[in-house]
Amino acid sequence: MSLDKPRLLADLLDRLGGTLQLYARQWCTVPDDVVQEALVELAGQREWPANPRAWLFRVVRNRAISQARAMQSRRRHEGAAAEQARVWFDRRTRLHSELELAAEALAELPLELREVVVAHFWGGLTFSEIGELTGTSSSTAHRRFEAALLALRERMEVPCPNKSDKTE
Amino acid sequence: MSEQERQDRIDEALVLLGRMMPEALQAGRDELFFRAGEASARGELAGSSFTRRFAWPAIAATLAFVAAVLGYSVVNQQPKLEVVYVERPAAPTKNDTSGTANRAPSHAPDQASLSNEAAAWRFAQNPARLLPQSDIIHRQDWAALSDAFVEQSRLQYERAEGNRRVAMTHGHQADDYDSSKSRRAEPATYLELRDALRAM
């Protein structure tokens, strides 16, 4: 198992590095440091966790929250989340105006909804794993995911001038 | 909002999210793997098993406890008293003139040695009183002088006591006997000692 550690670590870094960074961004302003520390901690584990993906998300979440508390910047960070959202995703996303709007809309969602979206959609965690991660049930995680998508879609919806005319 | 319309909105949001890719991790890959390898080696060495985690703390705690107990016993150690019973030497009787009867046990100081010590003490106080112009001292050492002094004193006492008894036998009062010699004070100087010895 120890011989496969570097390969497994590289695989996790390639597939989950960006997602974990995005996940850590929900709390702190230095997500890359948090993800690095989590990966180093995973490498230092004598017993490899049964589910490294869920383990990494939990460690990143705890470290990000601790880091945010230490810097006492969580509220300010949440207030400025919309402004930073444009760097959450890659350059192709930033160049597309619609996707940029979607990123900003995602950043404006409540934290409980955002983290479920990131963990399930990009992280690939099941709702059961997300429930364990957030301390809720799987049904609650599923309900939050759907609520986040509906809210995102609603924020992205451009008010139709015809509808407004009709209402008037 | 109908269920179908709700599901359509969710699907549209999912499509929108599917077009968004999280930014790549901004971390030095080489540095990360170096630190990961370091941590892995540390983890292999330190381990997390019960034995490796608790062995050294347990040993350290045990040794600390033993050191504390030993230190406490050393600090509070009472001196050991040894009681030795010594036989008291019998008091010398008046009729004991041999100097050997009822002698105290060998480990008890005898009268001669006590006299020697007294003479030695006096000599230490003022050696000039006894040492000068003494032919005895010139020939003998201090121990011999002391023994001679004690023996002469004893003979002087016996002679004086015998004279007193003779005087009382012939009807003289004991006070008639010229006891100035027997009452003479212990010679303090060599000259007095020589005079006392010549007078006997």
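In the text below, chain A, chain B and the rest are named by the order of the sequence lines, each starting its count at 1. Being a predicted model, the structure only gives us computed values, none of them experimental.
Heavy atoms of Val118(A) lying under 4.5 Å from chain B are absent altogether. Contact of Leu152(A) with chain B is made through the side chain alone, with heavy-atom distances under 4.5 Å. Only the side chain of Leu13(A) comes within contact range of chain B, with heavy atoms under 4.5 Å apart. In this structure, chain B has heavy atoms under 4.5 Å from both the backbone and the side chain of Ala10(A).
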Step-by-step side chain to side chain donor-acceptor pair (under 3.5 Å) determination, Ser128(A) to Thr126(A): CA-CA 5 Å; Ser128(A) 175; Thr126(A) 65; 4.8 Å; no
Side chain to side chain contact (heavy atoms under 4.5 Å, CB included) between Phe121(A) and Val116(A), worked out: CA-CA 8 Å; Phe121(A) 191 79; Val116(A) 174; over 6 Å; no
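Judged purely by distance below 3.5 Å, without hydrogens or angles, the side chains of Asp32(A) and Gln36(A) never pair a donor atom with an acceptor atom.
Under the 4.5 Å side-chain heavy-atom criterion for Ile, Leu, Val, Met, Phe, Trp and Tyr, Phe57(A) and Leu111(A) are members of the same hydrophobic cluster.
Considering only heavy-atom pairs separated by less than 4.5 Å from chain B, the leading option among Gly17(A), Ala105(A), Ala43(A), Pro31(A) is Ala43(A).
Between the Arg53(A) side chain and the Gly123(A) main chain, a donor and an acceptor come within less than 3.5 Å of each other.
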